[in-house]
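Only heavy atoms go into these numbers, but all of them, side chains included; no hydrogens, no water, no symmetry mates. Here is how names work: the chains are called A, B, and so on, in the same order as the sequence lines, proteins then strands, and each is numbered from 1.
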2 protein chains.
Amino acid sequence: MTASPPRLTRKEQQARTRATLITSATRVLARKGLRGASIDDITADAGFTKGAFYANFASKEAMFLELLDEQFAEKLETIERIAGDGSDLGDQADRVGRDFVEALRGDEDWSRLFLEFAAHATREPAFGAEFRERFDKLRGGVAAVLERRAAELGIVPPFPADEIARMTFSMAHGVALEQLLDPATPEDLFGSMLRLFFGGVVVASTPAPPL
Amino acid sequence: MTASPPRLTRKEQQARTRATLITSATRVLARKGLRGASIDDITADAGFTKGAFYANFASKEAMFLELLDEQFAEKLETIERIAGDGSDLGDQADRVGRDFVEALRGDEDWSRLFLEFAAHATREPAFGAEFRERFDKLRGGVAAVLERRAAELGIVPPFPADEIARMTFSMAHGVALEQLLDPATPEDLFGSMLRLFFGGVVVASTPAPPL
DNA sequence: GTATCCGGATACTCGTCGGTACGCAACCGC
DNA sequence: GCGGTTGCGTACCGACGAGTATCCGGATAC
């Protein structure tokens with residue numbers, strides 16, 4: 001009957017609090033916006049008060065950065081996993097897109113939060129710089145995947161991989177926005193669009209020169 | 001030397017004030033966000049004070065609607081102009097996109113404002129409903145243009161025009177976002193992307209059945 | 001076991017912002 | 001030209017939110 005140690009060291013306890021706050025912040029900020037959500041909103045959602053917040057973060061802005069980091073790290077991991085597992089199969093052109101559907105589409109909260117972050121990034125130079133840094137890294141990962149796929153298919157796309165990656169991002173974020181704005185948006189719009197788009201890319205490509 | 005009548009009737013004067021406020025609101029809201037911009041910010045930019053604002057708008061939220069209406073009306077006009085002038089020429093597949101580049105791309109302020117409106121629309125049901133109404137109408141206009149172009153080319157696209165229009169919108173908004181987030185984004189990304197995409201649409205289309 | 005430390009709660013401060021009350025001066029109808 | 005009207009300026013109010021000061025109680029160090 002002796003329960004497993006509910007005793008947590010001080011550090012563990014605080015780490016738990018911090019994690020809880022971040023989780024609540026993700027949800028609350030996504031729903032009410034970076035400015036619309038107050039610190040009290042966030043801490044209340046997590047079952048704490050202001051004191052807990054300022055024991056864990058220097059300011060509201062500082063926690064934005066924390067959150068930004070966490071969210072992007074997650075996405076980067078997904079992309080890198082995809083980039084790495086290419087050992088097994090390289091098949092149809094439309095396979096190119098399938099993975100991105102999984103990797104770049106998140107849940108609704110992620111879309112909302114991304115939208116909020118993006119808007120904030122266009123206004124706050126410091127935050128914008130951090131945002132762009134992570135954004136570029138993500139795009140670099142996508143570009144790498146695209147290059148490998150092009151090599152597998154033995155084609156040279158009409159634009160550099162980085163630019164195709166930009167286009168892929170644009171579609172992902174554009175669709176996410178469309179889905180936020182209109183619940184009637186088809187669930188697989190992104191997938192259909194990617195297939196059409198990469199169909200066009202393949203058509204506009206030239207054969208790779210022999211080595 | 002007698003200047004032309006600087007005398008304006010009361011109604012004209014107020015209309016001028018209102019227009020000035022809306023112009024300032026467009027700029028200020030785009031730069032600071034719907035929540036970040038205060039009414040004092042807006043009226044100060046216009047050279048007025050709070051009194052002028054509340055003499056012209058019932059509330060901050062009400063002016064959002066006013067602005068929404070004005071901005072979308074402008075876009076709708078552009079689309080309908082394009083939809084109407086199709087008498088002269090129907091040519092290459094990539095012509096399909098050229099017009100949209102012009103019609104759906106706005107200046108940076110419009111992108112920012114759209115982003116703000118979109119975020120607001122996902123949070124405020126009433127505003128969201130108004131937003132969606134105008135959004136749907138715009139998309140309807142785009143779908144109509146697409147259908148005409150498909151007919152000109154004698155093809156049946158693999159998806160209904162409405163869905164292709166959604167994809168076009170997604171690309172337009174996605175690119176706009178990309179450009180806001182990263183100044184290094186190629187200027188004509190949207191154009192290039194549209195050509196690739198519609199290239200893919202044409203490839204995936206079937207010939208139109210004879211009448 | 002006792003002194004110390006510190007994560008988090010509580011109770012403030014101060015600035016800001018949406019909205020209101022009211023005053024004033026220029027316009028309006030007569 | 002005179003009295004009512006009204007567009008806009010000014011002064012204000014209540015609410016709220018970020019951040020701070022202080023305190024408490026339980027963990028930690030010795």
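For Gln14(B), the side-chain atoms get nearest to dG7(D) when compared with the rest of dA18(D), dG7(C), dG7(D). Set against dA11(C), dT28(D), dC8(D), the side chain of Lys50(A) has dA11(C) as its closest nucleotide. Closest to the Arg10(B) side chain, of the nucleotides dG18(C), dA18(D), dT6(D), is dT6(D). Residue Ile39(B) places its side chain closer to dG19(C) than to any other of dG9(D), dG8(C), dG19(C).
Atom-to-atom, CZ of Phe48(B) to P of dC8(D) comes out at 6 Å; the value is rounded to the nearest Å. Look at NZ on Lys11(B): it is 12 Å from C1' on dT6(D), rounded to the nearest Å. Distance CG (Asp40(B)) to P (dC17(C)): 7 Å, rounded to an integer number of Å. When the C1' atom of dC6(C) is taken as reference, atom CD of Glu12(A) falls 16 Å away, rounded to whole Å. Distance, Phe57(B) CZ to dG18(C) P: 14 Å, rounded to whole Å. Put simply, OH on Tyr54(B) is 17 Å from P on dT10(D), counting in whole angstrom units. Here the P atom of nucleotide dC16(D) and the CG atom of Asp41(A) are 11 Å apart, to the nearest Å. Regarding Ile42(B), its CD1 atom lies at a distance of 11 Å from the P atom of dC17(C), rounded to whole Å.
Residue-level contact check: Ser38(A) touches the backbone only, with heavy atoms under 4.0 Å from sugar-phosphate atoms and none from bases. Within 4.0 Å of Ala37(B), counting heavy atoms only, lie sugar-phosphate atoms of the nucleic acid but no base atom. Residue Phe53(B) is classed as having no contact, given no heavy-atom separation below 4.0 Å to the nucleic acid.
Between Gly51(A) and Leu34(A), the one whose closest nucleotide on DNA chain D sits nearer the 5' end is Leu34(A).
The pair Arg148(B)-Glu152(B) meets the salt-bridge criterion, since a charged nitrogen lies less than 4.0 angstrom from a carboxylate oxygen. The residues Glu116(B) and Arg35(B) are annotated as not salt-bridged, no charged nitrogen and carboxylate oxygen being separated by less than 4.0 angstrom. A salt bridge does not link Asp109(A) with Arg27(A): every distance from a Lys NZ or Arg NE/NH1/NH2 to an Asp or Glu carboxylate oxygen is 4.0 Å or more.
Donor-acceptor pairing under 3.5 Å is recorded for the side chains of His120(A) and Glu61(A).
Aromatic pair Phe135(A)/His173(A): ring centres closer than 6.0 Å.
Contact check, Thr9(B) against dC27(C): no side-chain N or O comes under 4.0 Å of OP1 or OP2. Dashed line: the shortest gap from a side-chain N or O of Asn56(A) to OP1 or OP2 of dG8(C) is under 4.0 Å.
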